Amino acid sequence: MILEIVKYGHPVLREKGQRVAPITAAIRQLAADMLATMYAADGVGLAAQQIGRAILLTVIDVSISEQEWTITPALPMPLVLVNPVLSQPLGEQTGSEGCLSIPEVSAQIRRANQVTVRAENLDGQPIEFQATGLLARAAQHEIDHLNGILFIDRMDAATKASFSGKLKKLQKETVATLGKTASARRPLVKA
Ligand code: ZN
């Protein structure tokens, strides 16, 4: 099932995720729905906050991208990460970044070029990998979401100021829709 992607201005995007335990059938279904939602929106990652749930669950698939990335050991895409934790940031990369929750906003964002991710998979088994390039960027972006942090928080002040009108407008639109039923699903926007 394709879920509605929560947009900037919704308070859930600023909530820290709760730990997921135990991993129930409902969580597995949610992960499957998040993957379907991410693919439908042409995204490379989606965090639970973006579909309105403040829990430590994110999905990532960078396999369609032409940008460089590595994963060690070689785990297959997509990645479903339960309770992920980032460590050992190394090096630096700067690249264009956008967010499915903040349409029509993108900017150059500085991130670590390599990170170590520890998480559980949907079977509750621990997984650990080193990611570089685009995958490291996606992991940092999504794990930020799980902590209530958005990529606009990582923009330099001048860049963020240049989007202030757009962000205010989006926030206003989002707040106006809060409390209304989601029966009229809005079209998904590529970002
Ligand atoms: Zn995002």
Side-chain angles (χ1 to χ4, degrees), residues 5 8 13 16-17 19-20 23 27-28 30-32 34-51 55-160 163 190-191:
I5 297 179
Y8 179 72
L13 290 175
K16 289 192 175 201
R19 201 177 158 75
V20 176
I23 298 164
I27 290 292
R28 290 192 187 91
L30 185 65
M34 284 171 62
L35 280 168
T37 303
M38 177 186 78
Y39 290 130
D42 280 347
V44 297
L46 191 70
Q49 274 81 347
Q50 294 181 275
I51 49 88
I55 58 173
L56 296 178
L57 175 65
T58 184
V59 296
I60 294 174
D61 189 341
V62 291
S63 61
I64 56 162
S65 175
E66 288 170 4
Q67 293 185 51
E68 287 182 21
W69 56 275
T70 64
I71 184 166
T72 312
L75 299 174
M77 295 284 147
L79 295 168
V80 176
L81 304 176
V82 182
N83 302 319
V85 176
L86 271 185
S87 62
Q88 295 170 267
L90 285 173
E92 228 179 71
Q93 59 169 314
T94 300
S96 182
E97 215 167 295
C99 180
L100 295 172
S101 293
I102 314 177
E104 295 169 33
V105 173
S106 69
Q108 297 288 311
I109 304 289
R110 196 167 62 191
R111 300 276 189 185
N113 189 50
Q114 179 182 316
V115 290
T116 297
V117 178
R118 284 190 196 84
E120 294 159 51
N121 64 20
L122 282 177
D123 297 321
Q125 304 295 321
I127 52 173
E128 179 176 339
F129 59 88
Q130 278 82 48
T132 68
L134 178 66
L135 181 57
R137 173 175 298 282
Q140 290 168 89
H141 181 113
E142 299 315 326
I143 292 172
D144 268 357
H145 270 301
L146 300 182
N147 287 304
I149 297 166
L150 300 173
F151 88 111
I152 54 172
D153 305 341
R154 307 239 181 234
M155 287 178 183
D156 62 61
T159 306
K160 189 167 180 186
F163 288 115
K190 296 176 185 182

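The figures here come from the full heavy-atom set of this structure, side chains too, leaving out hydrogens, waters and symmetry mates. Computed from a prediction, not measured in an experiment: that's the story for all the values here.
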So which heavy atom on [X] is nearest to which on [Y], and how close?
{"X": "K16", "Y": "N147", "value": "CG-O, 3.7 Å"}
{"X": "R19", "Y": "E120", "value": "NH2-OE2, 3.2 Å"}
{"X": "Q49", "Y": "G17", "value": "NE2-N, 3.3 Å"}
{"X": "V80", "Y": "I127", "value": "O-CD1, 4.5 Å"}
{"X": "L100", "Y": "G45", "value": "CD1-O, 4.0 Å"}
{"X": "L122", "Y": "A31", "value": "CD1-CB, 3.9 Å"}

Sidechain-backbone polar pair: [X] side chain, [Y] backbone, donor-acceptor under 3.5 Å:
{"X": "N121", "Y": "D123", "answer": "yes"}
{"X": "T94", "Y": "I109", "answer": "no"}
{"X": "Q93", "Y": "A112", "answer": "yes"}
{"X": "D144", "Y": "I149", "answer": "no"}
{"X": "E142", "Y": "A47", "answer": "yes"}

As an exercise, state the distance from [atom1] of [X] to [atom2] of [Y], rounded to the nearest 0.5 Å.
{"X": "I23", "Y": "L57", "atom1": "CD1", "atom2": "CG", "value": "9.0 Å"}
{"X": "W69", "Y": "L134", "atom1": "CH2", "atom2": "CG", "value": "8.5 Å"}
{"X": "D153", "Y": "K160", "atom1": "CG", "atom2": "NZ", "value": "5.0 Å"}
{"X": "M77", "Y": "L135", "atom1": "CE", "atom2": "CG", "value": "4.5 Å"}
{"X": "R137", "Y": "I60", "atom1": "CZ", "atom2": "CD1", "value": "13.0 Å"}
{"X": "L30", "Y": "I55", "atom1": "CG", "atom2": "CD1", "value": "5.5 Å"}

Hey, mind stepping through M38 and V44 against side-chain contact (heavy atoms from CB on, under 4.5 Å) and telling me if it holds?
CA-CA 7 Å; M38 177 186 78; V44 297; 5.7 Å; no
For side-chain contact (heavy atoms from CB on, under 4.5 Å), just list the numbers for Y8 and V105, CA-CA rounded to whole Å, side-chain angles, deciding distance to a tenth of an Å, and then say yes or no.
CA-CA 11 Å; Y8 179 72; V105 173; over 6 Å; no
Does any pair with a residue in residues 98-119 pass ring-ring contact (aromatic ring centres under 6.0 Å, His included), and if so which ones, sequence neighbours excluded?
none
Pairwise ring-ring contact (aromatic ring centres under 6.0 Å, His included) hits with a residue in residues 71-109, at least two apart:
none
Counting only heavy atoms not in Q108 (residues, nucleotides, ligands), do more than 12 fall under 6.0 Å from its CD?
yes
Can you confirm whether R28 is buried at CZ, in the sense that more than 12 heavy atoms of other residues, nucleotides or ligands lie under 6.0 Å from that atom?
yes
Sub-4.5 Å side-chain heavy-atom contact between [X] and [Y]:
{"X": "I143", "Y": "P84", "result": "yes"}
{"X": "I71", "Y": "V62", "result": "no"}
{"X": "Q140", "Y": "P89", "result": "no"}
{"X": "T116", "Y": "Q130", "result": "yes"}
{"X": "L81", "Y": "L56", "result": "no"}
{"X": "I64", "Y": "D61", "result": "no"}
{"X": "L150", "Y": "S101", "result": "no"}

Please evaluate residues V117 and L86 with respect to the criterion side-chain contact (heavy atoms from CB on, under 4.5 Å), reporting the C-alpha separation (whole Å), side-chain torsions for both, the decisive distance (0.1 Å), and the verdict.
CA-CA 5 Å; V117 178; L86 271 185; 3.6 Å; yes
Under the criterion side-chain hydrogen bond (donor to acceptor under 3.5 Å, both in side chains), I'd like the reasoning laid out for T132 against T70: C-alpha separation, chi angles, the key distance, then a yes or no.
CA-CA 5 Å; T132 68; T70 64; 2.5 Å; yes
From CA spacing to verdict: side-chain contact (heavy atoms from CB on, under 4.5 Å), F163, I102:
CA-CA 11 Å; F163 288 115; I102 314 177; over 6 Å; no
So, using ring pair (Phe, Tyr, Trp, His ring centres under 6.0 Å) as the criterion, who are the partners of F151 when residues are at least two apart?
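F151: ring pair (Phe, Tyr, Trp, His ring centres under 6.0 Å) contacts with H141.
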Are the charged groups of R154 and E97 less than 4.0 angstrom apart, N to O?
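Salt bridge absent between R154 and E97.
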